[in-house]
> 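This structure is in structure tokens; I'll ask about it shortly.
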Amino acid sequence: MMPQSLTVRATRPNGRPIRIWIPVLPVLLVLSPLLILAAGIAAVACVVYRVSLLRAFGTGWRIMSALPGTRVDVEHGRTAVLVVVT
Amino acid sequence: MNEQRRDILQMLAEGKLTAEEADQLLAALDRDEPAAAAPSSDGRPKAKPKYLRVVVDGTDDGTPSRVNIRVPLQLLRAGVRLAALIPPQALGEANRELSKSGVPFDLTQLKPDQLETLIEHLDELTVDVDQPDAKVRIFCE
């Protein structure tokens, strides 16, 4: 399943937290022109390096689908950053 | 005989699999079945781990720091497939750089199915590093 949201929570040294919730699908829709361009460039690169286009895009999709559940939590003193993909 | 075994033998009979492929699949089933059937201490079957966790506790210039990373094992599997797409020229270049750095490792000998097996057995892995100023734990959950 594709990631649905990305939550970023950061705590600054003064203790004030910032919480950002990013819905993935709307962001992808907004960025779709850039994504199409990137997909085109990737396709050209695949042809140049003789990599199967289907396998490459299939693997890319697998990676995207495997992202939910990823969590990165870094704390250093009073500063902290938490990134959660759901 | 369970469903998966029957399917493999059916495909062998229909000629969709060679005898060698069928043998490999049956062997893989044999490997998986005891692990899936092994009950935990409370009598329930042991759940398969889904995540790789890396926890680092330490101090940096006297400031306590903690890194806690949880990566789905599925993501590692997908990454392994991505590694299989690396063009041979790039692998050759990486081999040269590794040799220059004193690591004579041939990446072209690394096959995707070997990496797949490695990921499969990661659930039995636990790494504990204890140092006076840092503690690292890598395990699956």
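Residue numbering restarts at 1 for every chain, and letters A, B, ... go by the order of the sequence lines. Fair warning: this is a prediction, and the values are worked out from it, not measured in the lab.
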> Do B:Leu73 and B:Tyr51 land in one hydrophobic cluster if side-chain heavy atoms of ILVMFWY residues count as linked below 4.5 Å?
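Shared cluster, no.
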
> Just so I understand: if I count every heavy-atom pair under 4.5 Å between each of B:Ala90, B:Ser65, B:Gly79, B:Pro87 and chain A, which residue has the most?
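The answer is B:Ser65.
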
> Could you tell me the separation between the OG1 atom of B:Thr63 and the CD atom of A:Glu75, rounded to the nearest 0.5 Å?
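Answer for the OG1-CD pair, B:Thr63 versus A:Glu75, is 13.0 Å.
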
> Heavy-atom count check: over 12 atoms from other residues, nucleotides or ligands less than 6.0 Å from A:Leu54 CG?
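No, the 6.0 Å shell around CG holds no more than 12 heavy atoms from other groups.
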
> When clusters are formed by joining ILVMFWY residues with side-chain heavy atoms under 4.5 Å apart, either directly or through shared neighbours, do B:Val127 and B:Leu76 land in the same one?
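Both belong to a single hydrophobic cluster.
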
> Do B:Leu85 and A:Arg55 come within less than 4.5 Å of each other through their side chains, counting heavy atoms only?
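Yes, their side chains come closer than 4.5 Å.
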
> Given 3.5 Å as the limit, does a donor-acceptor pair link the side chain of B:Arg70 with the main chain of A:Gly69, or not?
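Confirmed, B:Arg70 side chain pairs with A:Gly69 backbone.
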
> Would you give the length of the straight line joining atom CZ of A:Arg62 to atom CD of B:Gln74, rounded to the nearest 0.5 angstrom?
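Between atom CZ of A:Arg62 and atom CD of B:Gln74 there are 7.5 Å.
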
> Tell me if the CZ atom of A:Arg9 is crowded by more than 12 foreign heavy atoms within 6.0 Å.
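Atom CZ in A:Arg9 is not crowded, with 12 or fewer foreign heavy atoms closer than 6.0 Å.
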
> For residues A:Leu53 and A:Leu37: do they belong to one hydrophobic cluster (side chain heavy atoms under 4.5 Å, members Ile, Leu, Val, Met, Phe, Trp, Tyr)?
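Not linked; separate clusters.
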
> Please name the pair of heavy atoms, one in A:Leu67 and one in B:Pro72, separated by the smallest distance, quoted to 0.1 Å.
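That would be O-CG, 4.2 Å.
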
> Evaluate whether atom OH of A:Tyr49 has more than 12 neighbouring non-hydrogen atoms of other residues, nucleotides or ligands under 6.0 angstrom away.
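Not more than 12 within 6.0 Å, no.
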
> Below 4.5 Å, heavy atoms only, C-beta onward: do A:Asp73 and B:Val67 meet side chain to side chain?
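Answer no - side chains too far apart.
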
> Mind checking whether A:Arg71 and B:Ile69 have side chains closer than 4.5 Å, heavy atoms only?
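Of all side-chain heavy-atom pairs linking B:Ile69 with A:Arg71, none is under 4.5 Å.
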
> Non-hydrogen atoms of chain B under 4.5 Å away: do they reach the side chain of A:Val51, the backbone, both or neither?
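When you check distances to chain B, only side chain atoms of A:Val51 fall under 4.5 Å.
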
> So which of B:Val71, B:Asp60, B:Val55 has the largest heavy-atom pair count under 4.5 angstrom toward chain A?
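Option with the greatest count: B:Asp60.
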
> Look at the side-chain heavy atoms of Ile, Leu, Val, Met, Phe, Trp and Tyr, link any pair under 4.5 Å apart, and say whether A:Ile36 and A:Leu34 land in one connected group.
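No: no chain of side-chain contacts under 4.5 Å links A:Ile36 to A:Leu34.
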
